[in-house]
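Below is one structure, written out as structure tokens; the observations come after it.
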Amino acid sequence: MSSKEGSGGFRKRKHDNFPHGQRKDEKNNVNSSSSLMVSFKSFQLELDTRHDKYERLVKLSRDITIESKRTIFLLHRITSDPNGEEILNESEAKLEAVRQKIKQVAQELIGEDMYQFHRAISPGLQEYVEAVSFQYFIKTRSLISVKEINKQLIFTVEDKEEETNTPSSNPHDEQLCTWSLKVTPVDYLLGVADLTGELMRMCINSVGNGDIDTPFELSQFLRQIYDGFSYIGNTGPYEVSKKLYTLKQSLAKVENACYTLKVRGSEIPKHMLADVFSTKAEMIDREEGLS
């Protein structure tokens, strides 16, 4: 056999010269108490602990997302329910339950770098920002700041001390047992971008209920948000620039509703305005898809 033929076959590995039993004995003879094995076992324990914590955070983030969505669905009822104050109080109770979930996230991240686990908790934080900003807009007709959101995510152990009924000798114990979680600027921007879709749905509901003032308020507010996102443009994170297209669609639908109300509002019965608006919104979607 020529050397060329030999080079085309299987390459012989160095340890193939050793009997299989000898290799197995060498594996069994590894000293598990050596410093190298001890180091690798510590690495294994650290990685397992980190993975377990990551999975717990993913589950908490999923719970936060679900409860925040339920709060948003509740707030949409305010356009047709005369008891708006009761809905706001109920939504506040739901958001407080969500904040208790966020408190568990903050406790999990004590002594950890949050950005190592950011991907696990980001979806929940975005949905929470969307729910809080939606409630805040209904109350004040303005946009909540990230500073105000983070102020609500500072937790203390006052309730725990009341349950134990043991007087504290140190008046600063509450400060030592404080947890907080900060919403990152990216999560805040993504949550506000998702808020525009809820405001567009609020506009549809308002038109269906014969409210012709709310769409114009929403149109002006959405235009201000869109202008703010336009300053960021493609220079910001990829997720933010991706949301800009959806934001533009929501703004176009609300502005189309305002145009319909202004031009044809007097000739179309109020109970038919929502149908006309929905038809035009579908036409905009088809045009955007073809472009």
Begin with the C-alpha distance, continue with both residues' side-chain angles, and end with the deciding distance and a verdict on side-chain hydrogen bond (donor to acceptor under 3.5 Å, both in side chains) for Thr71 and Glu67.
CA-CA 6 Å; Thr71 305; Glu67 293 301 324; 5.9 Å; no

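For Lys139, the side chain to side chain donor-acceptor pair (under 3.5 Å) test picks out no residue, with sequence neighbours left out. Under the salt bridge (Lys or Arg N to Asp or Glu O under 4.0 Å) criterion, Glu130 pairs with no residue at all, not counting sequence neighbours. Residues forming a salt bridge (Lys or Arg N to Asp or Glu O under 4.0 Å) with Glu86 (at least two apart in sequence, or on another chain): none. With sequence neighbours left out, Arg201 forms a salt bridge (Lys or Arg N to Asp or Glu O under 4.0 Å) with Glu198.
A cation-pi contact links Arg141 to Phe137, judged by a cut-off of 6.0 Å to the six-membered ring centre and 45° from its axis.
More than 12 heavy-atom neighbours from other residues, nucleotides or ligands sit within 6.0 angstrom of NZ on Lys53. Surrounding CZ of Arg119 are at most 12 heavy atoms belonging to other residues, nucleotides or ligands under 6.0 Å away.
Ion pairing between Glu108 and Arg56 holds under the 4.0 Å rule for side-chain N and carboxylate O. Looking at Glu127 and Arg70, no side-chain N of the basic residue comes within less than 4.0 Å of a carboxylate O on the acidic one, giving no salt bridge.
Through direct or indirect side-chain contacts shorter than 4.5 Å among Ile, Leu, Val, Met, Phe, Trp and Tyr, Leu36 is connected to Phe40, Phe43. Applying the 4.5 Å side-chain rule to ILVMFWY residues, one finds that Ile66 remains a lone member of its cluster.
Formation of a donor-acceptor pair under 3.5 Å by the Asp187 side chain with backbone atoms of Leu125 is not found in this model. Counting only distance, with no hydrogens or angles, the side chain of Ser133 and the backbone of Val129 share a donor-acceptor pair below 3.5 Å.
Transitive grouping of hydrophobic side chains (ILVMFWY, heavy atoms separated by less than 4.5 Å) keeps Ile154 and Tyr128 in distinct clusters.
No side-chain heavy atom of Phe216 sits less than 4.5 Å from a side-chain heavy atom of Gln220.
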